[in-house]
Amino acid sequence: MGRARRGAIVAAVLIPAVLATVPATALASSATDQLISRLNRQLLYIAVPIAVLVEAILIYTIWRFRDNDDPKPTRENRQLEITWTVATALVLLFVGTASFHVLADPAVSTISDSPHGEPEPGEVPEDAVEVNVTAEQWAFTADYPNEGVTTNETMVLPANRTVYMYVTSEDVIHSVHVPDLGLKQDAVPGETNLVRTELSETGEYRLYCAELCGAGHPEMLSSIRVVDESEYDAWLDDQRSGSDGSTSNESTASNES
Amino acid sequence: MIGPVPGVAVALGALLVLAAYYRFRADSPPTSYADGGIVTPKIGLTTTEKPSGLLRWLTTVDHKDIGLLYILFGTAAALWGATDGMMMRTELLVADTTVWNVETYNAVFTTHGLTMLFFFVTPVFTGIANYMLPLLLDADDLSFPRINAIAFWLLPPSLLMVRGGLITDVVGTVVGLLPLEIAALTALEPVAMGWTMYTPLSVEMTNPQIDVTLLGLHLSGIATTMAAINFIVTIFTERPDDLGWDELDIFSWNMLVTSGIILLAFPLLGSTIILLLLDRNFGTAFFAIEGGGPMLWQHLFWFFGHPEVYILVLPAFGLISFMLPKFCGRRLFGFRFIVYSTIAIGVMSFGVWAHHMFATGMDPRLRASFMAVSLAIAIPSAIKEFNWIATMWNGRLRLTAPLICVIGAMSTFVVGGITGVFLAAVPVDLVLHDTHYVVGHFHLIVVGIIPLAMFAASYYWFPILTGRMYNRRLARVQATLLVVGAFVTFVPLLVLGYLGMPRRYGVYPAEFVPLNQVASIGAFILGVSLVLWLVNMIQSARVGTIVDDADVWNLKETDQFTREWQWFEKRLAERRSERPDPDEEP
């Protein structure tokens, strides 16, 4: 019992220390981010104590049995083996179930019905924003088919509306990676993959390419600016009138940072 | 300047000369026995029968010599790959490219991966197994000594082919000083397609060195498969009658399962590489968009690639399970369950490959099933860790350098393993995939448990290999430094991944600089540790204390004086009877 208590004390000291190093996620920025961050937090709440506990037991074992005068021969213990196997299985079963629930959410798992063909707009709700995101060496192009707007600068999206991004590539495999929005989708040539989410926090989010695509890979950066409805409309008008100089400064500035 | 047709003629001529030489040799009576081990199968006296000098090492088919060659080759490859690693961490000290350019950085991480995976880890473990398996099994040699030698000698040329771009660069620079122009040398650049060689990028890159590298990888796959077949046959057929499967030592068990995985996985890599070569050079469409599609490459590659992960780590598990009890003064806890878990890992390793592809837009139902197997494979891994701790519990721990390595391996494995569970969970993986988190996760295994198991083995069996003892204090410092270095380097990478920094970025946003600098400092600690190990090994092999008593680790008192040490004791006794005792000299 004394051992267990000491172990618990060690764990109690170490857990907050380790948790402090884990980056705290602030308010969710998108529906996807909210789901994934919550799942990630749940997993951390299990994983960090387990890791700390096992490491603590390991250190305690070394400390206690180092040059032990009274070693005992090994005796097999089938019950113990079964216990820790089942315990591990139960923990992983929880991880699997929790992950599956998040995976099943449309904001996380999005497949378009015909990955090799054109996206079918019939399924998309009326007020949704549709964007065709095309990656090529080494830039992203965003095309708003319903608005007649195309930009290869910062992609501007409205908050609180469902966004449908159809991601594809012109040449090699790229990946649309917006960590702060919880979004990642590989851009595969010849396939169109769907990313569906709802953005909730306005702000500027960095968009990386996350799949090695040649010499320009680390400089294949862009950004997504989430704005409110009126600003979005203003931006669309601005783009239609052909002046795309207003956004270029910002995106190059973020590239050089 | 040799044109393409004369080149073929030269190769043909060389082959003809080689054939004529062998024809000539076949007629003449054998003048020397390269293989002393077959003339006198009595182990321990073989050295007197072998040719001396360089010829011995070039012609040997003795498993111990080949084992040493493997270990030396693997160490050389590790130093080369580690240099790549140091170059990367130096580049990442700053956010932009002040040290090397992006192309060099891309080349360096590509060759770092290829060198470490194919030419460092597996050769070193094959070398240790080469040396120790026959001794542990009480066999004269491996089943096929000559295949063993071929398997080894295929590796150096394949390493040179894989790393060719750099070599031709260097040779080209040297030759360039002379009034000669050799276009072929400058055309080959170090490969920069990433070790995963994703199509269409690897098809579209024009660098002809990629073809040479692919051929080199194919060759190394043949070598690895041959060695694996040798181990399987040896373990099945060379055991004495009284050594049943239940008595087989845990390291041999792990090598058996590893070799089984190699036998099933490596031929697939070979075929896949051939398909890529055809796509690159002969206009086939296996991975073209209008043909098999880019996803086919990823499926085929990772169907090899994930079992490969366990090919790398299972021998390390085996070594740890083997050595840990020796320093705890008691038998391994749950031997049977550790064997079961090894087999379970071997089987399940073929059912997890698509977890590398969760972000490609796969059907969620497929993703869910691969998530299930990927989570399940964590169970046998956890079982091992628990059994190791239970082995230590109630034992008498002797904190020698090998045990420090083993404990360090166990501690890095906890973090390395648990961080892997996050990547198995599809939604979390979607955010972390292709970020530095992944790099941190798998490096905690490949710079944690794998080299630590090797270092532990190098210290544990050093007396058998050299007849001398290493510097114990330096070894303890080195082992501790490596564990510290591994955590300092790779935990910051985990955090960087959470912050979103993608991997394979030679240039990166400024906010990631501090954590990258911490990681680089950790990498330099790792480098220092590696140098300390190297100094200790070389210096101790030359002038270390000569071992007179074979029971270096006091294994007799706990009844763990296993066969390889018994063999060593016998050899020491034979040596002593042959020569005058050096201690008696004034």
Side-chain angles (χ1 to χ4, degrees), chain A residues 21 23 35-36 39-40 43 47 50-51 54-55 57-58 61-62 65-68 71-74 76 80-81 84-85 88-89 92 95-96 99-100 102-103 108-109 111 115 171-173 175 177 179-180 182 184-186 188-191 193 206 208 210-215 217-219 257, chain B residues 102-103 106 194 198 200-201 204 289 293-294 329-331 333-334 337 359-361 363-364 367-368 371-372 375 378-379 382-383 385-386 389 391-397 399 407 410-411 414-415 418 421-422 425-428 430-431 433-434 495 498-500 502 504-510:
Chain A
T21 65
L35 286 162
I36 295 179
L39 173 67
N40 184 52
L43 297 193
I50 290 179
V54 176
E55 298 279 18
I57 292 172
L58 182 62
T61 312
I62 300 163
F65 297 105
R66 182 184 176 181
D67 302 324
N68 174 20
K72 295 188 178 64
T74 307
E76 292 300 314
L80 190 59
E81 301 274 359
W84 64 43
T85 308
T88 315
L92 291 170
V95 173
S99 305
F100 186 81
V102 175
L103 177 65
V108 175
S109 272
I111 43 166
D171 36 42
V172 300
I173 300 178
S175 188
H177 173 48
D180 292 338
K184 167 147 332 104
Q185 174 59 55
D186 286 359
V188 184
E191 289 183 22
N193 288 299
R206 196 179 276 127
Y208 302 87
E211 193 65 67
L212 179 65
C213 56
H217 172 57
E219 276 143 321
S257 60
Chain B
V102 171
E103 281 90 343
N106 289 358
Y198 275 11
L201 183 68
E204 286 174 9
I289 295 156
R330 64 204 296 256
R331 280 187 304 114
F333 188 90
F337 293 91
T360 56
D363 191 305
R367 287 191 234 182
M371 173 170 80
L375 289 172
I379 298 173
I383 288 175
E385 181 79 21
F386 294 146
I389 294 179
T391 305
M392 293 164 69
W393 197 264
N394 271 334
R396 173 189 290 166
L397 308 186
L399 275 184
I407 291 167
M410 288 163 65
S411 67
V414 172
V415 184
I418 289 178
V421 173
F422 284 75
V426 182
V428 181
L430 283 178
V431 181
H433 178 71
D434 265 323
V495 181
Y498 264 117
L499 298 177
R504 295 168 165 181
Y505 265 43
V507 188
Y508 58 90

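A, B, ... follow the sequence lines: proteins, then strands. Residue 1 opens every chain.
Taking every heavy atom of both residues into account, Val431(B) and Pro179(A) meet most closely at CG1-O, 4.4 Å. Shown here for Gly500(B) and His177(A), the closest heavy-atom pair between the two residues is O-NE2, 3.2 Å. Between Gly395(B) and Pro71(A), the shortest heavy-atom contact is C-CB, 3.9 Å. Nearest heavy atoms, Ala378(B) versus Leu92(A): CB-CD1, 3.7 Å. Nearest approach of Pro189(A) to Ile289(B), heavy atoms of both residues: CB-CD1, 3.5 Å. Closest approach of Asp171(A) to Glu204(B), counting heavy atoms only: O-OE2, 4.2 Å.
Taking SG from Cys213(A) and CG from Asn106(B), the interatomic distance works out to 9.0 Å, rounded to the nearest 0.5 Å. Rounded to the nearest 0.5 Å, atoms OG (Ser99(A)) and CG (Leu375(B)) are 6.5 Å apart. Of the inter-residue distances, the one linking Tyr508(B) atom OH with Glu219(A) atom CD reads 14.0 Å to the nearest 0.5 angstrom. To the nearest 0.5 Å, the span separating CG on Asp186(A) from CG on Asp434(B) amounts to 7.0 Å.
Heavy-atom distances place no part of Leu35(A) under 4.5 Å from chain B, backbone and side chain included. Heavy atoms of Glu81(A) lying under 4.5 Å from chain B belong exclusively to its side chain. For His217(A), the parts sitting under 4.5 Å from any heavy atom of chain B are the backbone and the side chain alike. Residue Val428(B) touches chain A through both its backbone and its side chain, counting heavy-atom pairs closer than 4.5 Å. Interface remark: Ala372(B) contributes no atoms to any contact with chain A (heavy atom separation under 4.5 Å). Using a 4.5 Å cut-off between heavy atoms, Val108(A) contacts chain B through both its backbone and its side chain. With a threshold of 4.5 angstrom between heavy atoms, Ile418(B) approaches chain A through side-chain atoms but not through N, CA, C or O.
The residue among Ile389(B), Val421(B), Ile383(B), Thr360(B) with the most heavy atom pairs within less than 4.5 Å of chain A is Thr360(B). Ranking Thr391(B), Val415(B), Val426(B), Ile407(B) against chain A, the residue ahead of the rest is Ile407(B), based on heavy-atom pairs under 4.5 Å. Comparing Thr88(A), Thr74(A), Val172(A) by heavy-atom pairs within less than 4.5 Å of chain B, the highest count is held by Thr74(A). The most heavy-atom pairs under 4.5 Å with chain A, out of Arg330(B), Met410(B), Glu103(B), come from Arg330(B).
Side chains of Asp67(A) and Leu397(B) form no contact here, defined as non-hydrogen atoms less than 4.5 Å apart. With contacts defined as side-chain heavy-atom distances shorter than 4.5 Å, the pair Thr85(A)/Phe386(B) does not qualify. Between Pro73(A) and Arg331(B), the closest side-chain pair of non-hydrogen atoms is not below 4.5 Å.
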*Evaluate the criterion side chain to side chain contact (heavy atoms under 4.5 Å, CB included) for residue pair Tyr198(B) and Leu212(A); output intermediate values, then yes/no.*
CA-CA 9 Å; Tyr198(B) 275 11; Leu212(A) 179 65; over 6 Å; no

*Hey, mind stepping through Met392(B) and Phe65(A) against side chain to side chain contact (heavy atoms under 4.5 Å, CB included) and telling me if it holds?*
CA-CA 8 Å; Met392(B) 293 164 69; Phe65(A) 297 105; over 6 Å; no

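Judged as a ring pair (Phe, Tyr, Trp, His ring centres under 6.0 Å), and not counting sequence neighbours, Phe100(A) has no contacts. A search for ring pair (Phe, Tyr, Trp, His ring centres under 6.0 Å) contacts involving His433(B) returns nothing, not counting sequence neighbours.
Aromatic ring pairs are classed by plane angle as parallel below 30°, tilted from 30° to 60° and perpendicular above 60°; the pair Phe333(B) and Trp84(A) is tilted.
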